[in-house]
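Everything quoted here is computed from the prediction, not taken from an experiment.
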Amino acid sequence: MTGTPIDPGTYLADHTARLVATTRALPDAGGESLCAGWTRGHVATHVARNADGLVRLVRSAVDGTRETMYASRPERNADIDAGADRSPAELADDLEATAAAYAAEVVRLRPEHAGHALERTPGDVRGSAADIPMMRLREVTWHHVDLDAGFGFGDLEPEVQLAFLDEEVERLRTLDDAPDVTLRSDEGEEWTVGLGTASVTGTRAALLGWLARGLTDGVSADPLPRLPDGR
């Protein structure tokens, strides 16, 4: 790890407001996003439903309701499809309202809830309640990038870029088919995965874009290693 751990809550309100403003200013919601097969309306709806899902996970951890984030993957996808064709104003209102509901719930998490296992769908356990604040900041900021409407990873605070880079490198290290690569940022950090044979350089933002979304603008390598599918 190269960065100092961050408090996601410090950054969430500002980034939520920026996402809402971008969404409200979209000329229409039907334009393509950076998420394959999704329009910008799908992306915005997904972020709103993500807030709903995280509220359920907070209730599970704090109140013992045993709720899952989503009832099932098909139901999750149907909810996203159902909301995707709304106007930018309706999408922005939904983002704003669901973010407020999340903010009111997440403050109920206490240290004693940290180890509560999170179920994405019944039986699909991923992470623990301690991960919820970072999960939400990731959804809000990364999907803001996915709207492809002017916000990029370079608009994140340096410490947030580092926190996400540390997470992505750690995740890559757990994968059997991860490339042996050393990443070097223009700002001076270095991360090694496996033997570190290949070299990839770029700004923190560019490296994060590559790891998080497969974006290649601003990264240099000869050749660029292939990242595992579905990571």
Closest non-hydrogen atom pair, [X] against [Y]:
X	Y	answer
T121	T68	C-CG2, 4.0 Å
V125	A117	CG1-CB, 3.8 Å
L208	F153	CD2-CD2, 3.5 Å
A29	R86	CB-O, 3.5 Å
T65	R56	OG1-O, 4.3 Å
P8	P133	CB-O, 3.5 Å

Please say yes or no: joined through hydrophobic side-chain contacts below 4.5 Å, possibly via intermediate residues, are [X] and [Y] part of one cluster?
X	Y	value
L91	Y102	no
L26	I80	no
L224	L195	no

Quick check against the 3.5 Å criterion: does [X] have a side-chain atom that pairs as donor or acceptor with the backbone of [Y]?
X	Y	value
R213	C35	no
D155	G152	yes
S128	G115	no
R184	T201	no
R138	F164	no
T23	A92	no
E90	S87	yes

Walk me through it: do R110 and V62 pass the test side chain to side chain contact (heavy atoms under 4.5 Å, CB included)?
CA-CA 8 Å; R110 295 288 182 270; V62 176; over 6 Å; no
Apply side chain to side chain contact (heavy atoms under 4.5 Å, CB included) to L12 and V106, showing your working.
CA-CA 12 Å; L12 184 60; V106 74; over 6 Å; no
Quick check: do [X] and [Y] have side-chain heavy atoms less than 4.5 Å from each other?
X	Y	answer
L207	V200	yes
W191	E168	no
P179	P228	yes
L227	L172	yes
L165	R204	yes

Quick one: [atom1] on [X] to [atom2] on [Y], what's the gap to the nearest 0.5 Å?
X	Y	atom1	atom2	value
R24	L95	CZ	CG	9.0 Å
E189	Q161	CD	CD	9.0 Å
W38	D81	CH2	CG	9.0 Å
L156	L137	CG	CG	8.0 Å
D180	S199	CG	OG	13.0 Å
L19	D14	CG	CG	11.5 Å

Evaluate the criterion side chain to side chain donor-acceptor pair (under 3.5 Å) for residue pair T39 and H42; output intermediate values, then yes/no.
CA-CA 5 Å; T39 65; H42 284 90; 2.9 Å; yes
Run the ring-centre check on H143 versus H46 and record whether the distance is less than 6.0 Å.
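Yes: the rings meet the under 6.0 Å criterion.
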The single option from E119, H113, H116, R66 passing side chain to side chain donor-acceptor pair (under 3.5 Å) against S60:
H116
Side chain to side chain contact (heavy atoms under 4.5 Å, CB included) between T45 and D79: does it pass, once the steps are laid out?
CA-CA 8 Å; T45 301; D79 286 343; over 6 Å; no
Check [Y] with [X], please: is the shortest side-chain N to carboxylate O separation under 4.0 Å?
X	Y	answer
E139	R136	no
R59	E105	no
R49	D52	yes
D131	R126	no

Taking the six-membered ring of F151, is the NZ or CZ of R18 close enough (under 6.0 Å from the centre) and on axis enough (within 45°)?
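No.
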Can T141 and H144 be counted as having a side-chain donor-acceptor contact under 3.5 angstrom?
no
Evaluate whether atom CD of E157 has more than 12 neighbouring non-hydrogen atoms of other residues, nucleotides or ligands under 6.0 angstrom away.
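Check passes, neighbour count above 12.
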Decide if atom CG of D124 counts as having more than 12 heavy atoms of other residues, nucleotides or ligands within a radius under 6.0 Å.
yes
